[in-house]
*Asks:* 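My questions will all concern the structure given below.
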Amino acid sequence: MATGILNIKGRIWWIVALVVLCLVPFVLPRFYVYLLSIILLFGLFAMSNNFPLGFGGIYQLHHAVFYGVGAYGTALVITKSGLSPWIAFIVGPLIAAFLGLVMGIICIRLSKLYFGMLQISLGSLVWAVVYRWYSFTGGDDGIHGISVPDIISSYKGAYYFTLIVTGISLYVLYRLLKSPYGSVLQGIRDNPVRSSMIGVNVKKHQLLALVIAGFFAGVAGTLFVVVDNTVFPDMMFWTLSLEAVIMCLLGGWLTFLGPMLGAALIVIIRTFVSTYTLYWALVLGIIFTLVIFFLPNGVLGWIEDAVKRKPNLAEAKE
Amino acid sequence: MRRSVLFVVFMVFVMGLVWSQSGYSANTIKVGIVDTYSGPATTYTQDALDGFKLATEQINAKGGILGKKLEYTTRDEKFKPDIGLAMAKELVLKEKVDILAGTINSGTALAVSDFAKKEKMPFFVFYSKSEKIIGEKGHKYVFNMNENTEMAGRAAAVALSKKPYVKYWIAGDDYEYGHAIADATWNNLKKMKAGVQLLGQSWWKVGEADFTPYITQILAAKPDFIIVATGGSGMVNFQKAAKATGLVQKIPFYQHTANELGTLLPQGKDAPEGVWGTSNYFFYYPETPANKAFVDDFRKAFNRYPKASALVGFMTAQFIAEGYKKAGKIDNEAFIKAIEGMSLDSPVGPLAIRACDHQLELPTYWGVTKKDPKYDFLISGDIQVIAPKDYMPTCQDVLKLRK
Amino acid sequence: MLQVKSLTKSFDGFKAVNNANLDVQNGEIVAVIGPNGAGKTTLFNLISGILKPDSGQVLFKGDDITGLPPYEICRKRISRSFQVVNVFNRLSIFENTQISILSRQKKTWNLFTPSSSLAVNETNELLKNVGLYEKRDHISGALSHGDRKVLEIAMALGGNPEFLILDEPTAGMSPEETTRCIDLIKGLREKYGLTILFCEHDMEIVFGIASRIMVMVRGGTIVQGTCEEVRCNEAVQDAYLGGSDVCLM
Amino acid sequence: MDVTGVLNQVFVGLSRTVILFIVSSGLSLILGVLRIPNVAHGSLYMIGAFMAFTLSKLFGGGDMGFWMALIGAPLAVALISLVAERGIFQYLYEREHLMLILLTFAFSLVFGDLVKIVWGGEYKSVPVPYMFQGFIPLIGGLPFPLYNLFLLVCGPIIAILLWLLVNKTKIGKIARAAAVDMEMVGAVGINVSWVFASVFVIGCLLAGLGGVLVAPTVSVTLGMDHTLIIEAFLIVIMGGLGNIWGALLGALIFGLSQSLGILIWPQFGIIFPYLAVVIVLIFRPTGLLKATW
């Protein structure tokens with residue numbers, strides 16, 4: 001677990017990090033501000049994937065569907081209805097959460113790889129519908145030039161909006177993980193049979209995790225609309241889902257902030273390696289292989305192991 | 001310990017990446033090209049790039065533009081709009097390119113176009129064929145350097161309206177491009193020739209490998225002619241199936257770019273004869289000195305024949321160079337003003353960029369595939385030139401879409 | 001308190017539990033014995049709801065609990081431990097036990113109060129009672145086998161059960177650990193007033209603490225009775241000793 | 001659509017089934033015995049197709065070229081997989097499934113770019129061998145390509161060979177035993193590591209074989225791995241993990257629902273196979289046939 005927001009020492013670090021992130025747009029050129037927005041929203045996407053994956057032990061293998069549906073929800077409300085974009089920003093994630101519930105109800109009966117595969121089939125159905133419903137979703141071209149409120153349409157505005165929303169989302173996710181519900185969820189990850197034997201309705205708890213994950217993926221999708229003003233069906237293709245899983249594993253799927261780090265690494269490597277070579281996928285592949293081989297718990301997981309932090313239960317003392 | 005070392009090396013590598021700056025000198029005009037350089041699209045994108053490269057070398061050999069050298073840098077977006085858009089942003093914001101170009105992917109083209117509009121950055125679209133680029137989503141900063149679906153469809157309709165066929169069937173790849181091409185062809189044909197009827201349609205998913213079921217369905221319906229709206233690798237796949245099932249001998253059909261080198265070259269001598277197609281460029285037609293010179297230069301540089309997209313890349317670089325020269329300074333607004341309505345000599349004769357909608361006015365060649373002893377692949381025979389004025393939508397029509 | 005009536009469960013045609021009957025009175029310690037593969041663990045899984053029986057009935061305090069899901073059964077204050085250690089490996093001892101208590105307190109749907117402020121005293125007290133308090137912050141996956149077995153019992157107790165099922169509580173323990181564990185079980189029983197159903201291979205333990213014994217062979221109940229009754233029962237001797245005429249032990 | 005049309009569609013669905021079956025049976029074998037969800041399986045299929053292009057060109061492009069490709073390309077793919085298995089996978093059998101998915105996905109990225117480096121980005125076309133060019137009239141006189149007929153013959157042959165391999169050979173028996181209890185097999189003195197290597201190589205060889213067989217009917221491109229691998233996984237899951245007959249059944253359902261779905265609702269024909277998987281998994285959560293794990 002990352003340093004807690006709930007104890008004072010941890011809180012200081014969080015505040016320092018937040019202040020630094022707030023000052024970034026005044027120091028760095030526009031491109032890095034944009035890049036940071038992308039990293040933050042991908043990080044949120046990966047962390048929402050990791051909520052059921054790393055903390056719930058659910059094989060959430062097609063998370064991109066919720067991300068894409070959230071983004072499309074927001075985009076469609078903005079472009080097709082006369083409603084305020086601010087309402088769209090809430091509607092998008094809610095649609096994603098609802099989809100999380102529906103797909104969850106269908107998939108939750110299965111476990112592990114079977115769950116993941118059923119989710120992929122269902123997700124592919126959603127993708128296929130979006131991909132061909134030209135009149136409504138714009139088909140494979142997607143929807144472009146989505147207008148967002150002026151205050152968040154500049155790079156800085158979009159960045160601050162992303163930062164604030166991501167910050168709040170992370171705080172909520174963190175509180176969730178530290179709550180009794182979060183503890184139980186981690187118990188389920190480690191041992192579902194045991195969990196049910198201490199009186200936990202395993203499936204219902206997992207279902208809630210899927211809804212929460214769907215919601216925050218939807219939030220990340222909405223942020224993408226704010227930052228890049230476009231949506232397209234690739235956003236819910238299964239390769240993006242695998243990328244999200246990779247972000248989790250690369251950063252450390254048993255740590256809270258690991259997926260954020262994984263997202264940052266992938267975005268950075270992709271952006272900067274591609275300026276040198278067209279073969280950036282090759283470089284990414286080799287890096288993944290090395291990480292799996294030498295850092296099986298991911299980069300952040302490895303750092304935590306290296307620092308040899310005992311589980312911090314000082315907080316638990318009343 | 002080994003892990004710590006690896007970890008440190010890894011982090012240093014990542015940090016190094018972030019702080020690296022590729023060489024940027026004030027004395028160049030830099031073009032940022034985002035395109036797909038992996039997957040089936042490469043057949044077209046590589047030629048566009050090489051055409052651009054050839055023109056760049058020629059321009060620089062003649063002293064560059066306003067004393068500056070023309071330079072370009074490429075990014076492989078792997079046919080993913082989000083990556084493509086991020087790369088375009090990187091090119092403009094970090095690499096500080098002066099002009100954006102590229103992409104065969106309509107999704108990326110539209111996304112980048114929207115970004116270019118915001119940044120007031122000229123963007124030359126190479127080879128994506130969505131009519132939205134200069135139509136519905138058109139704006140001051142985007143230029144379309146190849147035909148779009150509406151144009152291709154109209155050109156085909158012009159040619160088909162002179163043929164005796166009445167009963168048509170439409171089939172194609174079920175994605176935006178396929179539907180757009182089919183709709184454009186059919187809607188225009190209906191207007192140009194009364195009495196044509198549509199017996200039915202079949203659509204298959206993009207990347208479909210096996211066309212036999214559809215072909216049998218079509219054969220059973222017995223149409224006079226089939227409009228086949230395939231793109232990318234679907235072109236070759238369908239031609240193979242048409243040959244294997246004998247469709248090509250039974251019912252004539254048309255595919256946009258069916259007679260183009262990109263479609264015919266990979267099939268070698270096995271491609272079916274008798275397929276109707278439209279294309280905007282052949283290396284063997286027109287047989288003018290300008291075309292011959294271009295083909296020779298291209299072959300010398302890259303050891304292969306140029307495809308239609310090579311012309312696009314080649315002319316884009318020319319327009320960029322001449323645009324700046326005419327503007328007399330490196331300024332986006334002046335550049336756009338200069339290039340609007342500009343006409344340049346090209347391998348296929350003079351080509352102009354229409355001022356109203358920024359569409360390059362290309363001639364279209366209608367023809368049918370046939371074998372030729374000179375080449376070990378099929379070429380287009382019976383070439384019929386359809387001039388821009390005969391098939392391009394009017395400025396009025398296009399600008400109406402922008403409302 | 002607990003009655004099992006002609007319970008049957010088969011896997012792919014193999015009858016793992018075949019017409020098993022069992023009766024446990026309030027406050028008793030009942031042992032289930034039988035050779036390997038007799039279906040003891042399957043019986044426990046059926047009672048605790050992990051498996052659904054093909055036929056038969058399980059009654060708890062007169063209520064029919066047959067085929068209820070495990071979490072419902074647990075809420076009726078039946079807890080169990082497992083033969084193969086079954087704890088939350090990535091969490092600490094404290095967290096393992098706390099989750100169990102939180103679940104009993106129906107706080108698992110509490111989404112925002114930090115766990116660290118809930119049920120801390122109860123958890124600490126329980127850990128003191130089972131002797132794991134000093135190791136409360138250790139990650140349970142890294143504990144010794146004996147400690148994990150004890151942790152299992154602590155987690156079972158976290159549900160504040162009236163009825164405790166222990167599946168080979170001392171399996172794999174060293175002799176000293178075993179002694180400690182038996183003392184612990186006896187102590188806990190008195191402290192919490194538990195009724196206990198357990199199975200065990202070590203006959204010394206069985207005859208040492210069980211008030212009554214049920215013998216299973218090939219999925220079925222041969223006999224249930226006091227230690228003396230079982231000891232000299234012919235069928236039991238057949239099953240265990242190949243028909244020699246000596247009483248067990 | 002009349003009866004002949006439906007029948008025709010069925011035949012076509014069957015030839016697609018053959019390719020799907022060959023590839024997914026290899027995937028299933030690896031999943032069943034080694035427990036590796038091999039995402040790179042699709043890449044090997046792609047490499048097989050590209051190899052077929054090179055080999056058939058090398059041997060003159062005619063019948064000879066095709067047969068040489070049919071033998072040579074799968075062997076080349078097998079060699080690549082042997083190197084990968086001995087070099088990397090053999091150290092990772094104990095890892096979490098997720099890790100293996102990630103690792104094999106990393107491999108698919110690497111393979112994708114390597115193919116691009118070796119063969120370039122353009123698409124390639126493998127000619128149909130002369131002896132299978134042309135078509136035969138089916139019921140109702142509708143044409144059916146000879147090559148598809150050849151595929152229909154290949155399918156059962158490969159299924160039978162696989163069945164013999166798994167059930168009648170020593171290595172098959174050991175592999176099946178290892179799938180159930182690896183330690184036990186190791187304990188009786190069998191070199192499990194090499195058994196695993198062989199199974200892995202055989203599985204990958206099937207991927208390569210699928211690639212060669214499909215090559216003449218499509219254009220060989222980068223990215224052909226992406227569409228296939230997800231279908232193969234769904235087939236394996238639908239049929240029952242590790243079960244060869246399950247793979248056959250799954251491929252049948254997938255192939256037929258695809259070609260028959262087009263008849264029912266042409267515009268959304270694409271969704272029928274996925275729908276079939278969803279329905280199967282809702283009613284048979286662990287697949288149609290008995291999974292090995």
Side-chain angles (χ1 to χ4, degrees), chain A residues 53-54 57 59-62 103 106-129 131-134 237-239 241-243 245-250 253 262 277-293 296-298, chain D residues 31 35 37 39-40 43 84 87-88 91-92 94-114 116-117 121 223 226-227 229-231 233-238 241 267-282 284-287 291 293:
Chain A
L53 183 81
Y59 273 32
Q60 178 92 341
L61 292 187
H62 205 343
M103 275 174 65
I106 299 172
C107 299
I108 201 68
R109 306 168 347 108
L110 312 188
S111 57
K112 298 287 169 185
L113 212 50
Y114 291 99
F115 174 94
M117 286 296 148
L118 183 54
Q119 199 183 38
I120 287 179
S121 332
L122 280 168
S124 302
L125 279 179
V126 176
W127 170 80
V129 169
Y131 190 77
R132 0 197 94 200
W133 197 357
Y134 302 100
F237 200 54
W238 64 273
T239 44
S241 299
L242 268 196
E243 249 175 66
V245 173
I246 284 176
M247 288 171 187
C248 299
L249 299 184
L250 183 66
W253 65 312
T277 168
L278 293 179
Y279 299 107
W280 50 269
L282 182 78
V283 178
L284 264 185
I286 291 170
I287 289 174
F288 293 160
T289 313
L290 289 175
V291 167
I292 298 163
F293 233 80
N297 284 331
Chain D
L31 250 172
R35 312 282 149 102
V39 181
S43 309
I88 294 185
Y91 303 107
L92 298 168
E94 302 300 313
R95 292 286 180 86
E96 294 243 10
H97 274 127
L98 278 177
M99 285 294 168
L100 293 171
I101 289 180
L102 167 55
L103 180 78
T104 51
F105 182 69
F107 264 70
S108 77
L109 290 179
V110 173
F111 280 140
D113 266 2
L114 286 180
K116 193 167 138 193
I117 290 169
H226 273 192
T227 31
I229 186 64
I230 206 77
E231 294 181 352
F233 261 108
L234 294 176
I235 286 167
V236 169
I237 293 284
M238 184 161 59
L241 281 175
Q267 178 134 25
F268 282 85
I270 182 178
I271 68 171
F272 283 91
Y274 296 114
L275 212 57
V277 177
V278 171
I279 292 168
V280 165
L281 285 186
I282 285 175
R284 302 276 310 197
T286 51
W293 52 294

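Both backbone and side-chain heavy atoms feed into the values below; hydrogens, waters and symmetry mates do not. Within every chain, numbering begins at 1; the chains are lettered A, B, ... in the order of the sequence lines, protein sequences first and strands thereafter.
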*Asks:* Would you give the length of the straight line joining atom CD1 of D:I230 to atom CG of A:L242, rounded to the nearest 0.5 angstrom?
*Replies:* 7.0 Å
*Asks:* Tell me, side chain or backbone of D:F111 under 4.5 Å from chain A's heavy atoms, or both, or neither?
*Replies:* neither
*Asks:* Checking D:I229 against chain A: side chain, backbone, both or neither under 4.5 Å from a heavy atom?
*Replies:* side chain
*Asks:* Return the OH to CG distance between D:Y274 and A:L122, rounded to the nearest 0.5 Å.
*Replies:* 12.0 Å
*Asks:* Is it the side chain or the backbone of D:L102 that comes within 4.5 Å of chain A heavy atoms, both, or neither?
*Replies:* both
*Asks:* What option among A:S124, A:S111, A:C107 has the most heavy-atom pairs under 4.5 Å with chain D?
*Replies:* A:S124
*Asks:* Residues two or more places apart in sequence or in another chain: which of them pass ring pair (Phe, Tyr, Trp, His ring centres under 6.0 Å) with A:W280?
*Replies:*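 Partners of A:W280 by the ring pair (Phe, Tyr, Trp, His ring centres under 6.0 Å) criterion come out as none, since no residue qualifies.
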*Asks:* May I ask you to name which of D:L114, D:V280, D:V236, D:L103 has the most heavy-atom pairs under 4.5 Å with chain A?
*Replies:*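 If we count pairs closer than 4.5 Å to chain A, D:L103 comes out on top.
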*Asks:* Out of A:W238, A:F115, A:Y131, which one racks up the most heavy-atom pairs below 4.5 Å with chain D?
*Replies:*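 Looking at each of A:W238, A:F115, A:Y131 in turn, A:W238 comes out on top.
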*Asks:* What do the steps show when you test D:L275 against A:L125 for side-chain contact (heavy atoms from CB on, under 4.5 Å), and what is the final call?
*Replies:* CA-CA 7 Å; D:L275 212 57; A:L125 279 179; 3.7 Å; yes
*Asks:* Pair A:Y279, D:I117 - check side-chain contact (heavy atoms from CB on, under 4.5 Å), show working.
*Replies:* CA-CA 9 Å; A:Y279 299 107; D:I117 290 169; 3.4 Å; yes
*Asks:* For A:L53 and D:L98: C-alpha separation, side-chain torsions, deciding distance, then whether side-chain contact (heavy atoms from CB on, under 4.5 Å) applies.
*Replies:* CA-CA 10 Å; A:L53 183 81; D:L98 278 177; 3.5 Å; yes
*Asks:* Restricting to non-hydrogen atoms, name the atom on A:L110 and the atom on D:P285 that form the minimum distance, rounded to 0.1 Å.
*Replies:* CD2-CB, 2.9 Å
*Asks:* Quick check: closest heavy atoms across A:I286 and D:V110, and the distance to 0.1 Å?
*Replies:* N-CG2, 3.9 Å
*Asks:* Run the side-chain contact (heavy atoms from CB on, under 4.5 Å) test on A:L113 and D:I101 for me, step by step, so that the C-alpha distance in whole Å, both residues' side-chain angles and the decisive distance to 0.1 Å come before the verdict.
*Replies:* CA-CA 10 Å; A:L113 212 50; D:I101 289 180; 4.1 Å; yes
*Asks:* To the nearest 0.5 Å, what is the distance between CG on A:L249 and CZ on D:F105?
*Replies:* 11.5 Å
*Asks:* Tell me the closest heavy-atom pair linking D:L234 and A:S121, and the distance in Å.
*Replies:* CD2-OG, 3.3 Å
*Asks:* Sort A:Y59 into side chain, backbone, both or neither according to what part of it lies under 4.5 angstrom from a heavy atom of chain D.
*Replies:*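 Just the side chain, heavy atoms under 4.5 Å.
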*Asks:* I want to check something: taking the side chain as every heavy atom from C-beta on, are D:L281 and A:R109 in contact at a cut-off of under 4.5 Å?
*Replies:* no
*Asks:* Can you name the closest pair of heavy atoms from D:V278 and A:L118 and give their distance?
*Replies:* CA-CD1, 3.8 Å
*Asks:* Which heavy atom of A:F288 sits nearest a heavy atom of D:A106, and at what distance?
*Replies:*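 Closest approach of A:F288 to D:A106, heavy atoms only: CB-CB, 3.5 Å.
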*Asks:* At a 4.5 Å cut-off on heavy atoms, which part of D:T286 comes close to chain A: side chain, backbone, both, or neither?
*Replies:*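 Interface part for D:T286: both.
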*Asks:* Only counting residues at least two apart or in another chain, list the ones meeting side-chain contact (heavy atoms from CB on, under 4.5 Å) with A:F237.
*Replies:* A:W127, A:T239
*Asks:* Roughly how far apart are A:F293 CZ and D:I88 CD1, rounded to 0.5 Å?
*Replies:* 5.5 Å
*Asks:* What part of A:I246 gets closer than 4.5 Å to chain D, counting heavy atoms only: side chain, backbone, both or neither?
*Replies:* both
*Asks:* Ignoring hydrogens, what is the shortest heavy-atom contact between D:I237 and A:M117? Give both atom names and the distance.
*Replies:*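 Smallest interatomic distance, heavy atoms only, reads CG1-CG, 3.1 Å.
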*Asks:* Examine whether an atom of A:L61 lies under 4.5 Å from a heavy atom of chain D, and if so say whether it belongs to the side chain, the backbone or both; otherwise answer neither.
*Replies:* side chain
